[in-house]
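We use all heavy atoms of the structure for the numbers below, so side chains are in, but hydrogens, waters and symmetry mates are not.
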2 protein chains.
Amino acid sequence: MAKIVVVEDEKDLQDLLTYNLEQAGHTVVAADRGAEGVRLVREQRPDVVLLDLMLPDISGTEVCRTIKNDPSCRRTAVVMLTARGEEVDRVVGFELGADDYVVKPFSVRELLLRVQAILRRSHPAEPGSDELIEFGVLKVDRQAHRVWVSGEEIELTALEFRLLMTLYERKNRVQTRSALLDDVWGIQADITTRTVDTHVKRLREKLLGARNYVETVRGVGYRFCGSPDEAVA
Amino acid sequence: MAKIVVVEDEKDLQDLLTYNLEQAGHTVVAADRGAEGVRLVREQRPDVVLLDLMLPDISGTEVCRTIKNDPSCRRTAVVMLTARGEEVDRVVGFELGADDYVVKPFSVRELLLRVQAILRRSHPAEPGSDELIEFGVLKVDRQAHRVWVSGEEIELTALEFRLLMTLYERKNRVQTRSALLDDVWGIQADITTRTVDTHVKRLREKLLGARNYVETVRGVGYRFCGSPDEAVA
DNA sequence: TCCGCGCTGTCACCTGCCTGTCACACGACC
DNA sequence: GGTCGTGTGACAGGCAGGTGACAGCGCGGA
């Protein structure tokens with residue numbers, strides 16, 4: 001289906017990823033080191049790079065920056081593999097331009113889902129999967145991880161951004177708190193469901209005029225409204 | 001909620017899993033041996049199998065392969081329980097078609113989350129439960145949790161929504177109050193049966209023009225009428 | 001090295017709505 | 001007409017969700 005480069009020094013994990021991605025029908029090339037990773041990416045022009053943040057030689061952030069600054073690799077999406085509490089915000093944000101991240105330890109299932117999601121988005125053939133989203137007063141540039149409300153840019157954390165995108169992708173479908181925990185935080189997250197509430201609150205605060213797009217369905221969960229007009233109420 | 005088969009020879013762990021899964025509302029059947037596990041799976045057709053990798057007779061991988069190759073068990077998801085360091089076996093686990101795995105020692109909480117996630121993801125595949133329902137003047141979007149009557153959206157509480165869906169799914173069949181208590185309120189309904197009446201009343205109030213779809217069968221219970229026309233009276 | 005800052009998870013408090021229960025009214029069936 | 005079953009309105013308690021505050025953590029700057 002897609003060509004993927006895995007840059008990961010831990011051999012077991014590299015094998016696990018390679019095997020399962022191939023099993024899912026992708027072509028995989030793996031590298032142990034950052035430098036080798038960069039070389040492979042330039043040579044192979046993959047659709048996706050899975051990039052460990054901690055590498056023996058060059059740091060993953062450096063690799064990411066290099067890739068993203070290389071015009072010939074513009075088509076390549078970068079997914080960072082990070083340990084909990086690592087600098088996710090800078091990595092995924094505007095600064096480095098990674099397209100998504102997964103927090104270790106992750107389940108293979110989760111990673112595959114994320115890779116699928118990225119591939120789906122970057123396939124321009126498919127309609128409705130634009131990287132540039134316009135929804136009422138809300139505007140989102142997924143690649144740059146930037147968000148505007150009524151033309152005014154707002155700053156979201158990596159987590160808030162992912163929460164917003166997860167809700168948006170399932171527009172007009174209720175998401176239970178535990179479904180959101182899975183898809184936003186990852187399965188291993190040892191978190192109270194009330195944490196979701198808090199982050200929804202923070203997200204709404206920042207969304208200002210677009211805050212009503214995120215609707216509460218009492219006793220069930222949250223829902224991104226189906227069309228901008230419905231939300232005015 | 002779901003039916004689960006646990007295949008685990010270590011008695012303590014088996015008990016622990018059984019207890020916690022039942023506590024979470026699932027039905028659990030446990031086996032000590034691989035062969036017994038296969039038999040149980042074929043017999044019970046569970047939603048999920050928790051499968052230890054190290055079993056006294058047949059290995060877990062073998063059990064997994066057998067299950068996954070049996071067409072009648074296609075609907076069953078397999079979660080492998082593996083000991084730490086069996087990296088190779090992780091791979092093998094996925095090779096065999098296991099849907100997920102957990103590394104021992106794992107927290108019960110984590111396992112429950114995984115089981116939930118698997119159930120959630122495999123559920124929508126269920127046929128026959130249309131997501132968009134149109135029935136006379138009544139329209140229901142199950143995924144969005146929204147209801148319209150004659151084009152006008154009405155607001156139902158989570159409970160009322162469940163009640164309506166339960167009645168609708170058993171269209172044209174009388175539901176006793178206690179059956180409704182089971183299905184809408186959950187098994188341990190510690191409630192007066194008259195509570196059902198109250199909620200039917202509230203539901204009818206909100207249903208406006210569709211209120212006659214919910215019929216009273218005196219001395220028995222309630223019934224959702226078979227076709228929209230019957231209800232005009 | 002220390003301090004401050006931003007992000008995040010948790011908690012406690014509060015409010016409003018949902019919900020279970022009751023008592024009474026009403027209607028059907030005998 | 002009597003009785004049983006159901007409809008209905010009122011009410012109190014509880015719970016779900018919004019919200020503000022706080023602590024831990026990692027990072028960056030001094």
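- Annotation: of the two residues near DNA chain D, A:T198 and B:V200, the 5′-most nearest-nucleotide partner is B:V200.
- Between A:R177 and D:dA16, a side-chain N or O to OP1/OP2 separation shorter than 4.0 Å is absent.
- Smallest separation of non-hydrogen atoms from B:D183 and B:Q175: OD2-OE1, 4.4 Å.
- Atom CH2 in A:W185 sits about 13 Å away from atom C1' in C:dT10, given to the nearest Å.
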Name every donor-acceptor pair, under 3.5 Å, that has one atom in a side chain of residues 148-155 of chain A and the other anywhere in the protein, sequence neighbours excluded.
residue, atom, partner, partner atom, Å
A:E153, OE1, A:R146, NH2, 2.9
A:E153, OE2, A:R146, NE, 3.0

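- With hydrogens and angles left out, the side chain of B:R202 and the base of C:dG20 share a donor-acceptor pair within 3.5 Å.
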Restricting to nitrogen or oxygen on both sides, can you table the protein-nucleotides 13-18 of chain C pairs closer than 3.5 Å?
residue, atom, partner, partner atom, Å
C:dG16, N2, A:R218, NH2, 3.3

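- Applying the ring-ring contact (aromatic ring centres under 6.0 Å, His included) rule to B:Y19 yields no partners; only residues at least two apart in sequence or on another chain are considered.
- Distance A:I191 CD1 to C:dC7 C1': 13 Å, rounded to the nearest Å.
- Summarising the geometry, the separation between CG on B:L181 and P on C:dT21 is reported as 10 Å, rounded to the nearest angstrom.
- Sequence neighbours left out, not one pair with a member in residues 54-73 of chain A passes ring-ring contact (aromatic ring centres under 6.0 Å, His included).
- Counting to the nearest Å, the P atom of C:dT8 and the CD atom of A:E160 are 6 Å from each other.
- Judged as a salt bridge (charged side-chain N to carboxylate O under 4.0 Å, His left out), the pairs with a partner in residues 12-23 of chain B (not counting sequence neighbours) are, in order, B:K11-B:D15.
- For A:H26, the ring-ring contact (aromatic ring centres under 6.0 Å, His included) criterion is met by no residue, not counting sequence neighbours.
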